[in-house]
Amino acid sequence: MLQNPSSKYRPFTPVRLPDRQWPNKIITTPPIWMSTDLRDGNQSLFEPMNGEKKLRMFKCLCDIGFKEIEVAFPSASQTDFDFVRTLINEDHIPDGVIIEVLTQAREPLIRRTFESIKDARRVIVHMYNATSKPFRDIVFGMSQAEVVAMVVNSVKLIKELAAEMPETEVILEYSPETFTATELDFVLEVCNAATETWGATPEKKVILNLPSTVEIATPNVYADQIEWMHRHLARRDSVILSLHPHNDRGTATAAAELGMLAGADRVEGCLFGNGERTGNVDLVTLALNLYTQGIHPGLDFSDINAVARTIEHCNQLPIHPRHPYVGDLVFTAFSGSHQDAIKKGFAAQKADEPWNVPYLPIDPVDLSRSYDSVIRINSQSGKGGVAYLMETEYGVVMPRRLQVEFSRVVQEHTDAHGQELSASDIWHLFSFTYLESLAPVRYCEHHLIELGDAQGIRLCIEVTGTRYLFSGEGNGPIDAAIHALREAGIHVQVRSYVERSMAASADGGDARACAFVEIVAQGREFYGVGIDTNIVTASIKAIVSAINRSSLGHRGVLWRPVDGEVRQAERSQI
């Protein structure tokens, strides 16, 4: 039983702001977005990103539309320092994108930070120090005057170093860390000292970032603190007021939205809320909340699945299946009453009218999500039961999205035949759907060729009884097979790949590998499955399975027979 907390914890003293204005306002424009996935998000990972993953994430953030990206804490590690140099030296920073680097308010760290940004076009140098009384008294042993002096001296140093780099436009960002736990009159003094020392003007603005480093009160208190600062800051027209909400109380999204109402111009966070402890504010949720209110966030999440898979790969963290807007199950109704209301909503929805479907605050199509799982899956136990039997009886552990997809196939079969399916029935249905369906393309054999850093392949496939041979190369056997198939006019992209071992075949034979490949073809996603004792063979079979399940396997395309003759395949449906 929890103990009585009254003797140990104290409620936060509210801000004296009787004429607060934010409750009467609405959000009408998106904020300036700043992603800290590569810095704050990365430092919280069990296994921090390597250079390849950091670069992949950086490109993803640029593609989404972020114009400000905090890329590293270059004075903290050689890895971070080198990543900043890679971005600059190899010209990875698109026009219009500003990188941001973090440093503590310490001279050696500031100097090291400036070494990392040499020759950059534009950089935000983000300097911070903790300002609250516990940090002043317990951690640093500094008076208020000493804290102000440290900030002033650090800003002067940044200004001097920036003047020595005229080829680089340096923008100052200052964060009073632990802002929410700091006396407002003191944090105001510190922030005003920073902007005065920098010489902030409307043409040369300073970013003042006011973080809820640790959430210690309800989000309305954070909004009051932001509005108080917004109304009292000197040189407010020369300041970009920024928010950096953390999620210790689970209210970071609410705190960010209320902070925007209170006068903030900018929000820092991570795409899916990754970060220390319970994370930073979730920028995907925040942006799509705006979208559902008719405000374009200025970020492109029209293919949210592609973004989700990239971030899962880079962070090695799964996205919760019930994550707002993005989770694999968020548009899936298991309740019969929910399903009925959604079906009726779809029937009543007109293309030229505002979105008004029960239980769906956003049209899944806007995010390139499918209606299929919404209107077909109606039983949690049904999906779970299918997955359980496939795993326990046949050793096939399906990825979650494939579980949802195949449970729809099972549901359609039971709806049509009105009978209970045994484990054997489910296996035969799975085999027919993914392994043995009457499709035009069939895998025959392949031969791998080592090409230095690349991998070559000669791939033999059969189409309606005739064998054809294709060649390709890539950074691995799967990539090589995809390039080989392009010779046949089949252009697909691998969205996700999972390989799992099967303890034994259903008849007790040798252990086998089961590969699951998700491809994108014509803007849609299709799963394929391959089973074989060789993992590469299983993977290629899975690619062929996915192609057969798309319309590409049925199209007349230019095939090259083994004998070298080139002819047009018949356009008949199989």
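Numbering of residues begins at 1 and proceeds along the displayed sequence.
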Can you tell if the side chain of [X] reaches within under 4.5 Å of the side chain of [Y], non-hydrogen atoms only?
X      : Y      : answer
Pro31  : Trp33  : yes
Ile93  : Ile88  : yes
Thr197 : Lys159 : no
Ile362 : Tyr291 : yes
Lys118 : Arg85  : yes
Lys205 : Thr195 : no
Val170 : Phe114 : yes
Leu271 : Leu61  : yes

Can any side-chain N or O of [X] pair as donor or acceptor with the backbone N or O of [Y] at less than 3.5 Å?
X      : Y      : value
Arg266 : Ile240 : no
Ser44  : Gly41  : yes
Asn280 : Asn274 : yes
His232 : Trp228 : yes
Thr251 : Ala254 : no
Trp355 : Leu360 : yes
Asp300 : Ser302 : yes
Asn42  : Pro48  : no
Thr131 : Glu177 : yes
Gln403 : Met398 : yes

Establish, from distance only, whether the side-chain atoms of [X] and [Y] form a donor-acceptor pair under 3.5 Å.
X      : Y      : value
Gln349 : Asn356 : no
Ser132 : Thr178 : yes
Asp40  : His244 : yes
His92  : Thr86  : no
Asn209 : Tyr128 : no
His246 : Glu276 : no
Asn305 : Glu525 : yes

Checking Arg112 against Phe81: charged group under 6.0 Å from the ring centre and within 45 degrees of the axis?
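Checked: cation-pi criterion met.
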
State whether Trp198 and Lys204 meet the cation-pi test: NZ (Lys) or CZ (Arg) under 6.0 Å from the six-membered ring centroid, and within 45° of the perpendicular axis.
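Yes; both conditions hold, so Lys204 lies above the ring face of Trp198.
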
Check the pair Asp95, Arg122 against salt bridge (charged side-chain N to carboxylate O under 4.0 Å, His left out), reporting the backbone distance first and the verdict last.
CA-CA 10 Å; Asp95 292 339; Arg122 299 181 73 195; over 6 Å; no

Other residues, nucleotides and ligands only: do more than 12 of their heavy atoms fall within 6.0 Å of CD on Glu47?
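Count not over threshold, so no.
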
Pair Phe272 and His323, ring centroids less than 6.0 Å apart
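Aromatic pair counts; centres sit under 6.0 Å.
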
Scan residues 235-248 for pairs that pass salt bridge (charged side-chain N to carboxylate O under 4.0 Å, His left out), counting only residues two or more places apart or in two chains.
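Of all non-adjacent pairs touching residues 235-248, those that pass salt bridge (charged side-chain N to carboxylate O under 4.0 Å, His left out) are Arg236-Asp265, Asp248-Arg277.
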
Report the residues that fulfil ring-ring contact (aromatic ring centres under 6.0 Å, His included) with Phe516, sequence neighbours left out, ordered by chain and then residue number.
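Partners of Phe516 under the ring-ring contact (aromatic ring centres under 6.0 Å, His included) test: none.
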
By side-chain hydrogen bond (donor to acceptor under 3.5 Å, both in side chains) - contacts of Thr213 (at least two apart)
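Testing Thr213 for side-chain hydrogen bond (donor to acceptor under 3.5 Å, both in side chains), a comparison that skips the adjacent residues, returns none.
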
Evaluate His126 against Thr103 for side-chain hydrogen bond (donor to acceptor under 3.5 Å, both in side chains), listing each step before the verdict.
CA-CA 6 Å; His126 181 185; Thr103 178; over 6 Å; no

Name all residues meeting the salt bridge (charged side-chain N to carboxylate O under 4.0 Å, His left out) criterion together with [X]; count only those two or more places apart in sequence or in a different chain, and write none if there are none.
X      : value
Arg500 : none
Asp119 : none
Asp82  : none

Can you check side chain to side chain contact (heavy atoms under 4.5 Å, CB included) on Leu241 and Leu233, steps first, answer last?
CA-CA 10 Å; Leu241 194 57; Leu233 277 170; 4.0 Å; yes

Evaluate side-chain hydrogen bond (donor to acceptor under 3.5 Å, both in side chains) for Asn289 paired with Glu257, printing each intermediate quantity in order.
CA-CA 9 Å; Asn289 282 355; Glu257 291 179 329; 3.1 Å; yes

Would you call Asp303 and Arg495 a salt bridge, taking side-chain N to carboxylate O under 4.0 Å as the test?
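Salt bridge present between Asp303 and Arg495.
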
Could you check whether Glu100 pairs with Arg39 (Lys NZ or Arg NE/NH1/NH2 to Asp/Glu carboxylate O, under 4.0 Å)?
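No.
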
Chi angles and distances behind the salt bridge (charged side-chain N to carboxylate O under 4.0 Å, His left out) call for Arg249, Glu215
CA-CA 6 Å; Arg249 294 169 57 91; Glu215 276 200 312; 5.2 Å; no

For a side-chain hydrogen bond (donor to acceptor under 3.5 Å, both in side chains) check, start with the C-alpha distance between Trp22 and Asn220, then their side-chain angles and the critical distance, and finish with the verdict.
CA-CA 9 Å; Trp22 63 260; Asn220 62 295; over 6 Å; no

Check the pair Glu52, Lys54 against salt bridge (charged side-chain N to carboxylate O under 4.0 Å, His left out), reporting the backbone distance first and the verdict last.
CA-CA 6 Å; Glu52 178 272 327; Lys54 292 193 80 169; over 6 Å; no

Glu518 and salt bridge (Lys or Arg N to Asp or Glu O under 4.0 Å): which partner among Arg401, Arg524, Arg549?
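Among Arg401, Arg524, Arg549, the one that satisfies the salt bridge (Lys or Arg N to Asp or Glu O under 4.0 Å) with Glu518 is Arg401.
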
